[in-house]
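Notes follow once the structure below has been shown.
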Amino acid sequence: MGALLRDDHDVVIVDSLSRSGSLANLNMLLDDAGSRLTFVCADVRDAAAMTAVVYDHQPDAVAHLAGQVAVTTSVTDPGLDFDINARGTLNVLEAVRTQAPAARVLFTSTNKVYGDLAPLTKARVETRYHLPDYPRGVDEDFPTDAATPYGCSKLAGDLYVRDYARTFGLATTVFRMSCIYGQWQNGTVDQGWVSWLTRRTLAREPITIFGDGMQVRDLLHVDDLVEAMLPVLIDGRAAGEVFNVGGGPDFSISVWREFGPLLAEITGQAEPEVAYEPRRAGDQDVYISDLGRIASALSWRPKISPKDGVARMVEWLRARL
């Protein structure tokens, strides 16, 4: 949102403020934005509220970032997960279709639509797993096979967003995101693992790793993500497309066997006490985004390495802990 405001765009934020830390983030934006930022407290599960906000503000573009993001929550309460991620997405689409059909829509999906990738051949090296048959990562043509209610609900939203381009002619784009991190992320054990592990390390608190810590993800700093979003929202490029969006092979890292030493190097602190628990349902041993399609369509590549991005997060967290 900050990038749009800096470019003199008017921005309307719609948020239920249900997530811990969201009010502090909102106040930060309101303090900096002035009259160009409007806030509406509403929930995507409220179809009438979504219709009203689109009718009232007639947006040129809609970034649908709302969601239930914890796999664990989806397992304990699948109905809530469905209502937010699937039905909530349909509510947003219907509001745009009926009230502002020319608006561009960007939907943030997830790599979990590809499932746990269990059938793929995996190899194990000293500190990580890798996929020898997919050295560039998973591409958008890989079959979707969602695992866990979270993966299913996000895939349902993903399908609806793509179909509204085909059936109703909406200018929709899907970003299937990998591991997004950065300042102002309020990570917990259920979400934002980069933020959570960094916070625990700085506070010198024990850490629980689910699995063996060799699982691999490609990290994408939020500033790089914004750079990918802007041409979609402002210029309408890549309407009707779906992209895998992450750090790619160059910015991949294992969640503790490599990330732990990186944190120790950046923070100058010893690695904290670590306990290992069984891996969670639907967890992928390896997920890395193949960035070929988005690089070609949007002339975009991530620039902020995990070392530089995590260093920024450490500096930001240290000022607040």
Assigning hydrophobic clusters by single linkage (Ile, Leu, Val, Met, Phe, Trp, Tyr; side-chain heavy-atom cutoff under 4.5 Å), is [X] placed with [Y]?
X	Y	answer
Met229	Ile304	no
Val314	Leu219	yes
Leu90	Phe82	no

Distance-only, no hydrogens or angles: does the [X] side chain make a donor-acceptor pair with backbone N or O of [Y] under 3.5 Å?
X	Y	answer
Thr172	Val161	yes
Glu94	Met50	no
Arg128	Arg257	no
Gln58	Tyr55	yes
Thr51	Ala47	yes
Asn244	Ser289	no
Arg318	Thr267	yes
Arg200	Pro206	yes
Thr148	Val71	no
Arg217	Gln284	yes

Should [X] and [Y] count as side-chain neighbours, where that means a heavy-atom distance under 4.5 Å?
X	Y	answer
His57	Val40	yes
Pro249	Asp218	no
Val310	Phe259	yes
Gln215	Asp283	yes
Trp196	Ile207	yes
Trp184	Trp316	yes
Leu202	Leu263	no
Val69	Thr110	no

Over all heavy atoms of both residues, which pair between [X] and [Y] is shortest? Give the atoms and the distance, please.
X	Y	answer
Ser109	Val174	CB-CG1, 3.7 Å
Gln185	Arg199	O-NH2, 3.6 Å
Gln269	Thr201	NE2-O, 2.8 Å
Ala42	Ala49	CB-CB, 4.0 Å
Pro302	Gly246	CG-O, 3.9 Å
Ile294	Ala228	CD1-CB, 4.3 Å

Taking ring-ring contact (aromatic ring centres under 6.0 Å, His included) as the test, write out the residues that go with [X], two or more places apart.
X	value
Phe168	Tyr164
Phe251	none
Phe107	His64

Item to check | Test log, rule side-chain contact (heavy atoms from CB on, under 4.5 Å), inputs Val54 and Arg97 | outcome: CA-CA 10 Å; Val54 174; Arg97 182 183 72 85; over 6 Å; no

Checklist entry - Could you go step by step and tell me if Arg124 and Asp285 meet the salt bridge (charged side-chain N to carboxylate O under 4.0 Å, His left out) rule? => result CA-CA 10 Å; Arg124 178 173 175 170; Asp285 282 333; over 6 Å; no

Checklist entry - What pairs meet the salt bridge (Lys or Arg N to Asp or Glu O under 4.0 Å) rule with one or both residues in residues 293-315, with sequence neighbours excluded? => result Glu140-Arg293, Asp141-Arg293, Asp223-Arg312, Glu265-Lys307

What residues form a side-chain contact (heavy atoms from CB on, under 4.5 Å) with [X], not counting sequence neighbours?
X	answer
Ala118	Asp116
Cys152	Ala146
Asp60	Arg104
Asp133	Thr121

Checklist outcome for this item: When rounded to the nearest 0.5 Å, the distance separating CG of Leu106 from OG1 of Thr173 is 6.5 Å

Checklist entry - Which distance, rounded to the nearest 0.5 Å, do you find between the CG of Leu262 and the CD of Glu258? => result 9.5 Å

Item to check | CA sep, side-chain torsions, deciding dist, call: Leu80, Asp83, side-chain contact (heavy atoms from CB on, under 4.5 Å) | outcome: CA-CA 5 Å; Leu80 173 71; Asp83 286 343; 5.5 Å; no

Item to check | side-chain contact (heavy atoms from CB on, under 4.5 Å) between Val44 and Ile84, intermediate numbers included | outcome: CA-CA 7 Å; Val44 292; Ile84 296 172; 4.3 Å; yes

Within 6.0 angstrom of [X] [atom1], more than 12 heavy atoms from elsewhere:
X	atom1	value
Arg87	CZ	no
Arg36	CZ	yes
Glu126	CD	no
Glu273	CD	no

Checklist entry - Using links of under 4.5 Å between side-chain heavy atoms of ILVMFWY residues, direct or through other members, which residues join Leu131 in one cluster? => result Val113, Tyr114, Leu117, Leu120, Tyr129, Tyr134, Val138, Phe142, Leu155, Leu159, Met214, Val216, Val286, Tyr287, Ile288

Item to check | Ring centers of Tyr276, Trp256 separated by less than 6.0 Å | outcome: no

Item to check | With Asp158 via salt bridge (charged side-chain N to carboxylate O under 4.0 Å, His left out) - residues at least two apart | outcome: Arg162, Arg176

Checklist entry - Do Asp81 and Asp77 pass the side-chain contact (heavy atoms from CB on, under 4.5 Å) test, and can you show the C-alpha distance, the side-chain angles, and the key distance before you say yes or no? => result CA-CA 6 Å; Asp81 179 79; Asp77 196 343; over 6 Å; no

Please tabulate, for the side chains in residues 12-19, all donor-acceptor contacts under 3.5 angstrom to protein atoms that are two or more places apart in sequence or on a different chain.
{"residue": "Asp15", "atom": "OD1", "partner": "Leu17", "partner atom": "N", "Å": "2.7"}
{"residue": "Ser16", "atom": "OG", "partner": "Ser18", "partner atom": "N", "Å": "3.4"}
{"residue": "Ser16", "atom": "OG", "partner": "Ser18", "partner atom": "OG", "Å": "3.0"}
{"residue": "Arg19", "atom": "NH2", "partner": "Gly67", "partner atom": "O", "Å": "2.9"}

Item to check | Where at least one partner belongs to residues 23-48, residue pairs that pass ring-ring contact (aromatic ring centres under 6.0 Å, His included), sequence neighbours excluded | outcome: none

Next on the checklist: Does either side chain, that of Glu277 or that of Thr208, offer a donor lying less than 3.5 Å from an acceptor on the other one?
Outcome noted: no

